[in-house]
Structures are given as C-alpha cells and as structure tokens.
Amino acid sequence: MTPAPTRTPDHLTLALPKGRILEEALVLLARAGLPLTMPEKSRALRHEFPGVTLLELRNQDVPVYVDLGVADVGIVGKDVLIESGRAVYEPVDLRFAACRLSLIREIGATGTIGRVGTKYPRAARAYLNAQGIPAEIVKLSGNIELAALTGLADAVIDLVQTGGTLRANNLEEVDVLFESSARLVVNRAALKLRRERLRPLIERLRELVAADTVG
Ligand SMILES: Nc1ncnc2c1ncn2[C@@H]1O[C@H](COP(=O)(O)OP(=O)(O)OP(=O)(O)O)[C@@H](O)[C@H]1O
Ligand SMILES: O=P(O)(O)OC[C@H]1O[C@H](OP(=O)(O)OP(=O)(O)O)[C@H](O)[C@@H]1O
C-alpha cells in the first residue's frame, strides 16, 4: 500500500463520488486550478496529484469523509447531503447534476399511501410526517420505480431529471420534495487550517459557476 502523504496545511485531500458526478467534478476543479486529471481505469481508490490526494468514494460516503475530516473538501449531490444529516460547510452550489426528489405513483393512482419505497428514508420520513401521511418506509438500493410498478409500495420517493424513466414506466410525479444539484462541501476545521488553499478554490468555483450561468 502506498503510504498516505503527510497532511501539511498546503496539501488537500479531496473526496469525489464515482458515478455520474466524477467526470464533471474533475473538469470543474481542474478549471478552478487544481492539478487533476481523470484517473486511469484501475482498481486504485486513492490517486495522488501534486499537492492533492483524490479519494474515490460512493456518493453516500462523501459527506462522512468530509465531516470526519479525513477529506478536507468534496463534491456531492444535495440529495445525498440532506439524507446524510452531516453538518458540513456547503459554500458553493455547482449547478450540475440537477434533478429533484419527488413523490411518484402509477398514473391515476388514488388509494391510500401505506408503504413508500425509497433510497432516501430520512428525507422521506421528514416529508411524510410533514404531510401527515403515516406510511411505512421501505429502504431500497436502486431502480426504485420498480417498487411502484410491482406493488411492493403504493408510491416511491426518487430522483427525477428528464422524466424519461417515469414516462417509460407509466408513472407520474405527484409532488416535489426538493431540488438537488452538486455541491462543494468543506470540513469546517480544514477551512481554518488550509484556508490558503481552500479560500481561493471556493472563490474560483463561485466565479466559474456564475460565468457559466450567465454565459
Ligand atoms: N438522472 C439524473 N440526472 C441528473 N442528476 C442525477 C440523476 N440521477 C442522480 N443524479 C444526481 O447525481 C448523483 C449521483 O448519481 P449516481 O447515478 O452516480 O448515483 P448512484 O449510482 O445512483 O449512487 P450509488 O452510489 O448509491 O450507487 C445523485 O446523488 C444525484 O444528486
Ligand atoms: O428523469 P430521468 O432523466 O429518467 O432520471 C431519473 C432516473 O435517474 C436516476 O436513476 P439512475 O439512472 O442513476 O439509476 P439508479 O436507479 O440505479 O440509481 C434516478 O434514480 C431515476 O431513476
């Protein structure tokens, strides 16, 4: 195993999720001045760049690594951040990976919602409580819409972007819990200890997002 580099204040440890966020996150961070490139396809999970260590994680683990200070900074979807309940600093909405978390049912379904399938039990519980719906929540891991199609659940709470998955499966969006997009997340202690590196990075990302939004 390669030893971890000494974590001097000028070294950054970065947590990124593999999956749909990784490539766009790397491109944006490189535009913001970090010396990063797409890692070669391999089983390696930790990648070294000049002054930056990149950790490749599952989405749900990014807030954990940042909150516990193993990573100084990371990028993750707002959906995953809300679900994590972690109190990390969230200085920039990076605007990509835009989608929404919605309540979904079969088209025309009107019966009582007794059971809800979701990958987001915490957000689902908060929403259902606020709506006064005393439904059972079933935690699922993927292809969540199948739960509504098969009768495993009376409704699901899942992400919608284009609506293509809904249309292909005779489902409809009944309500929107919240909008999501990729967020920069920063460990609060690192923000002080590594401020010489983190403050310019945050500023540069804010500028890039603002320019991209206008342009
Ligand atoms: N269809 C979509 N369009 C745009 N953004 C999406 C879409 N689906 C998910 N996202 C956003 O991208 C993030 C990462 O999605 P991705 O598909 O890589 O995760 P996953 O593979 O489902 O996660 P897991 O690590 O649990 O397997 C989500 O947390 C969400 O913020
Ligand atoms: O509105 P759309 O553009 O169709 O996008 C929504 C779909 O994208 C995500 O699934 P993903 O492809 O990540 O697969 P997963 O269910 O295995 O997470 C999400 O869970 C929806 O199923």
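In each ligand, atom 1 is the first atom listed, and ligand 1 is the first ligand listed. Here, residue 1 is the first one in the sequence, and each next residue gets the next number.
- Near R20, meaning under 4.0 Å from one of its heavy atoms, ligand 2 places the atoms 8 (O), 9 (C), 11 (P), 12 (O), 13 (O).
- Ion pairing between a basic and an acidic side chain is recognised when a charged N comes within 4.0 Å of a carboxylate O; E179 and K78 show no such pairing.
- Within 4.0 Å of atom 20 (O) of ligand 2, at least one protein heavy atom is present.
- The pair D212-R31 meets the salt-bridge criterion, with a side-chain N (NZ, NE, NH1 or NH2) lying under 4.0 Å from an Asp/Glu carboxylate O.
- Near V80, with a cut-off below 4.0 Å to any heavy atom, the atoms of ligand 1 are 29 (O).
- Here the heavy atom of the protein found nearest to atom 25 (O) of ligand 1 is R58 NE, 3.0 Å.
- By the criterion of a heavy-atom distance under 4.0 Å, the backbone of A98, and not its side chain, is placed next to ligand 1.
- In summary, the atoms of ligand 2 found under 4.0 Å from a heavy atom of K119, numbered by their order in the structure, are 18 (O).
- Less than 4.0 angstrom separates some heavy atom of V160 from each of these atoms of ligand 2: 1 (O).
- When each atom of ligand 2 is checked for a heavy atom of L159 under 4.0 Å away, the hits are 6 (C), 19 (C), 21 (C).
- How far CG of L149 is from CD1 of I104: 10.5 Å, rounded to the nearest 0.5 Å.
- Annotation: Q131, atom CD; neighbour count of heavy atoms from other residues, nucleotides and ligands within 6.0 Å is above 12.
- With respect to atom 21 (O) of ligand 1, the closest heavy atom belonging to the protein is N59 ND2, 4.5 Å.
- For ligand 2, the atoms lying closer than 4.0 Å to a non-hydrogen atom of E145 are 21 (C), 22 (O).
- Atoms of ligand 1 found under 4.0 Å from any heavy atom of K119 (numbered from 1 in listed order, with element): 20 (P), 22 (O), 23 (O), 26 (O).
- Just one residue in the list I75, V76, L208 forms a side-chain contact (heavy atoms from CB on, under 4.5 Å) with L94, and that residue is I75.
- Nearest non-hydrogen protein atom to atom 6 (C) of ligand 1 is R20 CD, 3.6 Å.
- For ligand 2 and T162, the ligand atoms under 4.0 Å from any heavy atom of the residue are 1 (O), 2 (P), 3 (O), 4 (O).
- Among T165, L166, L171, N59, the residue whose heavy atom lies nearest to atom 7 (C) of ligand 2 is T165.
- For ligand 2 and D158, the ligand atoms under 4.0 Å from any heavy atom of the residue are 19 (C), 20 (O), 21 (C), 22 (O).
- E83 contributes atom CD, which lies 9.0 Å from atom CG of D79 (distance to the nearest 0.5 angstrom).
- Looking from atom 31 (O) of ligand 1 to the surrounding protein, the closest heavy atom is D79 OD1, 2.8 Å.
- The single protein non-hydrogen atom nearest to atom 9 (C) of ligand 1 is L159 CD1, 3.4 Å, given as residue, atom name and distance.
- L16 and V70 are members of different hydrophobic clusters when ILVMFWY side chains are connected at heavy-atom separations under 4.5 Å.
- Shown in contact with G19 at under 4.0 Å from a heavy atom are these atoms of ligand 1, numbered in order with element: 18 (O).
- Scanning the protein for heavy atoms near atom 13 (C) of ligand 1, the closest one is I21 CD1, 3.7 Å.
- Close approach of ligand 1 to G77 is summarised as follows: ligand atoms under 4.0 Å from at least one heavy atom of the residue are 31 (O).
- Atom CG of residue L171 and atom CG of residue L166 lie 6.0 Å apart, to the nearest 0.5 angstrom.
- Other residues, nucleotides and ligands contribute only 12 or fewer heavy atoms inside 6.0 Å of the OH atom of Y65.
- Remark: E24 engages no residue in a salt bridge (charged side-chain N to carboxylate O under 4.0 Å, His left out) (not counting sequence neighbours).
- Between R115 and E136 a salt bridge is recorded (basic side-chain N to carboxylate O distance below 4.0 Å).
- R105 has its side chain out of reach of V156: every pair of non-hydrogen atoms, C-beta onward, lies at least 4.5 Å apart.
- Contacts between Q60 and ligand 1, counted as non-hydrogen atom pairs separated by less than 4.0 Å, involve the side chain only.
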